[in-house]
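Worksheet for the structure shown next.
FYI, side chains are in, hydrogens and waters are out, and symmetry mates aren't considered; it's all heavy atoms of this structure. FYI, the numbering just counts along the sequence from 1.
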Amino acid sequence: MYTKLPNLILGFHGCSEETCQKILKENETLRPSTNSYDWLGHGVYFWENNYDRALEWAKNHYSENYGVIGAVIDLGYCLNLSDSRSIGILERGYDMLTSRLSCDIPKNRGKKGNDILLRDLDCAVIQQIHIYNGEAGVKLFDSVRGLFIEGEPVYNGSGFFNRTHIQICVRNPNSIKGYFMPLNADKKYPLP
């Protein structure tokens, strides 16, 4: 009953400058990621309301030819991993995956400090949920939303970490209501 988040969100996607131009000028769409290590399963990824992280990611992956595109997103029927109901779904997805595979269970890998960079297990579990829903005729999730606590403590003894973010994986392309080029703030005026 409460899986539909009641608002539109802004998402930011780091990419090449060429991709930005194709999306904005040639009316193309972002292509879904289908890597085995995608954090939230397969789909189009966005940093929720976090232009700076998208920019940082783009700079790290595209050196001089980077860009960031914004999107207005309706999460729709969302597997929101910050609520208890979705965590239960995730647990059942893991049980289904392990009973189906019984061996050769994927593993998360690529640790950098406390951060896990390549999430093969998490991706497989979320994909298993989508497969099950499709086969069972259960409503498919439009998006997946996850909170990731990453990085170093902000200050000594802090429970806050400097790279914490919310990531969105859009599975239903109709959830993306439009793309835009993010603006720089006009420094003569305060931010609302």
First locate atom CD1 of I69, then atom CZ of F46, and finally report the distance between them rounded to the nearest 0.5 Å.
8.0 Å
To the nearest 0.5 angstrom, please state how far the OG atom of S82 sits from the CD1 atom of I166.
7.0 Å
Honestly curious: do [X] and [Y] fall in one hydrophobic cluster under the side-chain, below-4.5 Å linking rule?
{"X": "L81", "Y": "F161", "value": "no"}
{"X": "L117", "Y": "I149", "value": "no"}
{"X": "Y132", "Y": "L101", "value": "no"}
{"X": "M96", "Y": "I131", "value": "no"}

So, do [X] and [Y] sit near enough that their side-chain heavy atoms are less than 4.5 Å apart?
{"X": "S143", "Y": "F141", "value": "no"}
{"X": "I176", "Y": "T29", "value": "no"}
{"X": "F180", "Y": "V72", "value": "yes"}
{"X": "E48", "Y": "I9", "value": "yes"}
{"X": "I126", "Y": "L90", "value": "yes"}
{"X": "Q21", "Y": "E26", "value": "no"}
{"X": "K139", "Y": "N133", "value": "no"}
{"X": "L140", "Y": "Y77", "value": "no"}

Using modelled atom types and a 3.5 Å cut-off, is there a donor and acceptor pairing between side-chain atoms of [X] and backbone atoms of [Y]?
{"X": "Y179", "Y": "E28", "value": "no"}
{"X": "S86", "Y": "N80", "value": "yes"}
{"X": "S175", "Y": "I73", "value": "no"}
{"X": "Q127", "Y": "H42", "value": "yes"}
{"X": "S99", "Y": "D95", "value": "yes"}
{"X": "N35", "Y": "Y37", "value": "no"}
{"X": "D142", "Y": "N172", "value": "no"}

When you look at S33 and D38, which way does the side-chain hydrogen bond (donor to acceptor under 3.5 Å, both in side chains) test go after all the steps?
CA-CA 7 Å; S33 178; D38 287 335; 2.8 Å; yes
Walk me through whether C123 and S36 qualify under side chain to side chain contact (heavy atoms under 4.5 Å, CB included).
CA-CA 6 Å; C123 183; S36 65; 5.7 Å; no
Can R109 and D120 be counted as an ion pair, charged N to O under 4.0 angstrom?
yes
Would you say the side-chain atoms of R100 and Q128 include a donor-acceptor pair closer than 3.5 Å?
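On atom types as modelled, these side chains qualify, holding a pair under 3.5 Å.
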For E56, salt bridge (charged side-chain N to carboxylate O under 4.0 Å, His left out) partners two or more places apart:
R53, R163
Taking atom [atom1] of [X] as the centre, report whether more than 12 heavy atoms of other residues, nucleotides or ligands fall under 6.0 Å from it.
{"X": "D186", "atom1": "CG", "value": "yes"}
{"X": "Y62", "atom1": "OH", "value": "yes"}
{"X": "E18", "atom1": "CD", "value": "no"}
{"X": "F148", "atom1": "CZ", "value": "yes"}
{"X": "Y94", "atom1": "OH", "value": "no"}
{"X": "K177", "atom1": "NZ", "value": "yes"}

Assess the residue pair L40 and Q167 against the criterion (side chain to side chain contact (heavy atoms under 4.5 Å, CB included)); give the C-alpha distance rounded to whole Å, side-chain angles, the decisive distance to 0.1 Å, and a yes or no.
CA-CA 8 Å; L40 297 172; Q167 201 147 53; 4.0 Å; yes
Run the side chain to side chain contact (heavy atoms under 4.5 Å, CB included) test on W39 and V144 for me, step by step, so that the C-alpha distance in whole Å, both residues' side-chain angles and the decisive distance to 0.1 Å come before the verdict.
CA-CA 10 Å; W39 292 24; V144 183; over 6 Å; no
Kindly determine whether L30 and H13 satisfy side chain to side chain contact (heavy atoms under 4.5 Å, CB included), including the steps that lead there.
CA-CA 9 Å; L30 291 170; H13 181 87; 3.6 Å; yes
